[in-house]
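Encoded as structure tokens, the structure appears first; notes follow it.
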Amino acid sequence: MEHRGLDAYGYFEREGSLGTVQGEFRGVVAAARERVGEAYGRRLHSAYLYGSVPRGTARPGRSDLDLLLVLHHEPAGEDRDAADVLARGLDEDFPEIDGVGILLQDKAAMLSEAERFDLGWFLACLCTPLLGADLAEHLPRYRPDSLLARETNGDLAGLLPTWRTRVREASAPDEYRKLSRIFSRRLVRTGFTLVMPRWGGWTSDLAESAEIFGTYYPERAAQMRAAAAVALDPVADPAVLRTYIEDLGPWLADEYTARHGAKKRRG
């Protein structure tokens with residue numbers, strides 16, 4: 001039987017581990033652990049890796065390093081400033097990575113009922129502990145059901161107006177490349193979670209996600225495969241962005257809402 005990222009009881013298995021980090025990235029991971037501790041001290045509850053580095057699929061010189069930092073308190077301006085300095089320093093000192101993304105959250109939000117099937121699921125299933133006590137011990141097990149689909153990616157319709165504004169305001173090739181990467185990743189992941197309950201499993205591989213989506217929506221398969229390619233190799237073509245915000249994005253948002261409903265508004 002195909003594994004599909006689930007254990008024998010149908011729950012998600014946590015993806016990634018420090019043991020699967022490729023040799024080329026062990027130095028930057030060690031540096032990240034040390035620098036995070038130095039930057040936040042007692043303000044930090046725990047730190048996690050996520051993305052291609054802990055999955056062991058990162059590409060030297062092309063993949064970014066993704067970190068989730070959970071603080072004891074709600075992040076303030078000084079915490080965000082520290083994250084900017086930390087990200088910039090790691091990116092400059094380690095050419096094997098192409099950028100550093102840092103998410104800041106507080107412990108109460110991560111464990112709240114409102115975030116149980118969004119941030120909570122993200123930490124418990126997609127994040128690898130790097131430093132501090134693992135909050136996953138306080139979270140439930142998760143299955144690939146419609147509730148999870150709705151609460152993780154059921155907000156695409158609300159994002160599209162912001163995406164359109166960002167495209168209108170962009171002008172430089174680097175801006176277009178950045179937006180193409182952000183938009184295409186989100187579209188492919190949303191396309192996958194649209195069909196996740198029917199497929200009955202999990203994958204973070206974008207190319208595989210697009211292929212799985214295409215088996216349920218063959219009329220949109222080519223578009224989603226193309227978006228997965230852009231997610232891995234961003235482009236500076238504004239026409240690609242327009243197809244996302246004028247065609248694929250609106251269709252996907254409507255189909256998602258029809259099948260799973262809209263994500264609950266947060267207070």
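By convention here, the first residue in the shown sequence is residue 1. All values below were derived from every heavy atom in this structure, side-chain atoms included, with hydrogens, water molecules and symmetry-related copies excluded.
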Would you confirm whether Thr190, through its side chain, and Leu187, through its main-chain N or O, come within 3.5 Å as a donor-acceptor pair? no

Between Asp93 and Arg88 (salt bridge meaning N to carboxylate O under 4.0 Å), is one present in this structure? no

Output, in order, the C-alpha distance, side-chain angles, deciding distance and verdict of side-chain contact (heavy atoms from CB on, under 4.5 Å) for Val100 and Val28. CA-CA 11 Å; Val100 176; Val28 67; over 6 Å; no

Please report the interatomic distance CG(Leu6) to CZ(Phe12), rounded to the nearest 0.5 Å. 6.5 Å

When rounded to the nearest 0.5 angstrom, what is the spacing between NE2 in His45 and OH in Tyr40? 16.0 Å

Is the closest basic N to carboxylate O distance between Asp134 and Arg14 below 4.0 Å? yes

Does Tyr48 have any side chain to side chain donor-acceptor pair (under 3.5 Å) partners at least two apart in sequence or in another chain, and if so, which? Ser46

Which residues satisfy the side chain to side chain donor-acceptor pair (under 3.5 Å) test with Glu211, sequence neighbours excluded? none

When rounded to the nearest 0.5 angstrom, what is the spacing between CG in Leu44 and CG in Leu104? 9.5 Å

Work out which heavy atom in Ala58 is nearest to a heavy atom in Gln22; give both atom names and the distance. O-NE2, 3.0 Å

Under the salt bridge (charged side-chain N to carboxylate O under 4.0 Å, His left out) rule, collect the residues that match up with Asp66, sequence neighbours excluded. none

Nearest non-hydrogen partners of Ile102 and Ala83, listed with the distance: CD1-O, 3.4 Å

Could you pull out the closest heavy-atom pair between Ala149 and Tyr256, with the gap in Å? O-OH, 2.6 Å

Examine the side chains of Ser180 and Arg177 and answer whether a donor and an acceptor come within less than 3.5 Å of each other. no

Quick check: is Leu130 connected to Tyr50 through a chain of hydrophobic side chains (ILVMFWY, heavy atoms under 4.5 Å apart)? no

Residue pair Val235 / Arg181, side-chain heavy-atom distance below 4.5 Å: no

Aromatic centroids of Tyr142 and Phe117 separated by under 6.0 Å: yes

Determine whether Ile97 and Leu86 fall in the same hydrophobic cluster, where Ile, Leu, Val, Met, Phe, Trp and Tyr are linked whenever their side-chain heavy atoms lie under 4.5 Å apart. yes

For residues Pro250 and Glu246, determine if any side-chain heavy atom of one lies less than 4.5 Å from a side-chain heavy atom of the other. no

Test of ring centre spacing under 6.0 Å for Trp163 and Phe183: yes

Taking NZ, NE, NH1 and NH2 as the nitrogens, is one of them in Arg150 or Asp118 under 4.0 Å from a carboxylate oxygen of the other? no

Note, Phe25 side chain near Pro60 side chain (heavy atom, < 4.5 Å): yes

Does Arg259 have any side-chain contact (heavy atoms from CB on, under 4.5 Å) partners at least two apart in sequence or in another chain, and if so, which? Leu194, Arg198, Tyr217, Glu255

Compare all side-chain heavy atoms of Pro144 with those of Pro197 and state whether any distance is below 4.5 angstrom. no

How about Glu13 and Cys125: do any of their side-chain heavy atoms sit closer than 4.5 Å? no

With sequence neighbours excluded, give me every salt bridge (charged side-chain N to carboxylate O under 4.0 Å, His left out) pair touching residues 103-113. Glu113-Arg116

Ion pair check, Arg55 and Glu15, cut-off under 4.0 Å: yes

Do Met196 and Ile212 have side-chain heavy atoms sitting under 4.5 Å apart? no

Glu74 CD: over 12 foreign heavy atoms closer than 6.0 Å: no

Are Val188 and Leu126 in one and the same hydrophobic cluster, where Ile, Leu, Val, Met, Phe, Trp and Tyr link if side-chain heavy atoms are under 4.5 Å apart? yes

Between Glu96 and Arg59 (salt bridge meaning N to carboxylate O under 4.0 Å), is one present in this structure? no

When rounded to the nearest 0.5 angstrom, what is the spacing between CD in Gln105 and CG in Leu135? 11.5 Å

May I ask you to decide if Asp205's main-chain N or O and Glu208's side chain share a donor-acceptor pair within less than 3.5 Å? no

Hey, quick one: are Tyr11 and Leu139 part of the same hydrophobic cluster, counting side-chain heavy atoms closer than 4.5 Å, chains of contacts allowed? no

Would Arg220 count as a cation-pi partner of Trp251, with NZ or CZ less than 6.0 Å from the six-membered ring centre and within 45° of the ring normal? yes

Test your reading of the model: is there a side-chain donor-acceptor pair from Arg164 to the backbone of Ile245, 3.5 Å cut-off? yes

To the nearest 0.5 Å, atom OH of Tyr244 lies from atom CG of Leu252 at 12.0 Å

Pair Leu68, Phe122 - check side-chain contact (heavy atoms from CB on, under 4.5 Å), show working. CA-CA 10 Å; Leu68 167 65; Phe122 171 68; 4.1 Å; yes

Exam field: side chain Arg143 to backbone Tyr9, donor-acceptor pair closer than 3.5 Å: yes

Are Asp7 and Arg141 ion-paired here, with the side-chain N under 4.0 Å from a carboxylate O? yes

So SG of Cys127 and CG of Leu67: to nearest 0.5 Å the spacing works out to 10.0 Å

Tyr176 versus Asp237: any side-chain heavy-atom pair under 4.5 Å? no

Return the minimal non-hydrogen interatomic distance between Phe94 and Ala31, and the atom names on each side. CZ-CB, 3.5 Å

Look at Asp64 together with Arg185 and state whether they make a salt bridge at an N to O cut-off of under 4.0 Å. yes

Could you walk me through whether Asn153 and Arg186 pass the side-chain contact (heavy atoms from CB on, under 4.5 Å) check? CA-CA 9 Å; Asn153 286 309; Arg186 181 57 186 268; 3.1 Å; yes

Heavy-atom closest pair (Ala124 atom, Ala136 atom, distance to 0.1 Å) is CA-CB, 4.0 Å

Count I, L, V, M, F, W, Y as connected when their side-chain heavy atoms are under 4.5 Å apart, and connections chain through other members. Are Val36 and Met110 then in the same cluster? no

After noting the C-alpha distance and the side-chain angles of His73 and Asp79, does the key distance pass the side chain to side chain donor-acceptor pair (under 3.5 Å) rule? CA-CA 10 Å; His73 60 265; Asp79 301 311; 3.0 Å; yes

Flag the pair Pro75 / Arg80 as yes when at least one side-chain heavy-atom distance between them is below 4.5 Å, and no otherwise. yes

Would you please name every residue forming a ring-ring contact (aromatic ring centres under 6.0 Å, His included) with His138, sequence neighbours left out? none

Derivation and outcome, side-chain contact (heavy atoms from CB on, under 4.5 Å), residues Thr193 and Arg189: CA-CA 6 Å; Thr193 52; Arg189 288 172 177 149; 5.8 Å; no

For Arg4 and Gly200 the tightest heavy-atom approach is CD-O, 3.9 Å

Donor-acceptor check, side chain of Thr57 to backbone of Val53, threshold 3.5 angstrom: yes or no? no

Mind checking whether Trp199 and Phe213 have ring centres under 6.0 Å apart? no

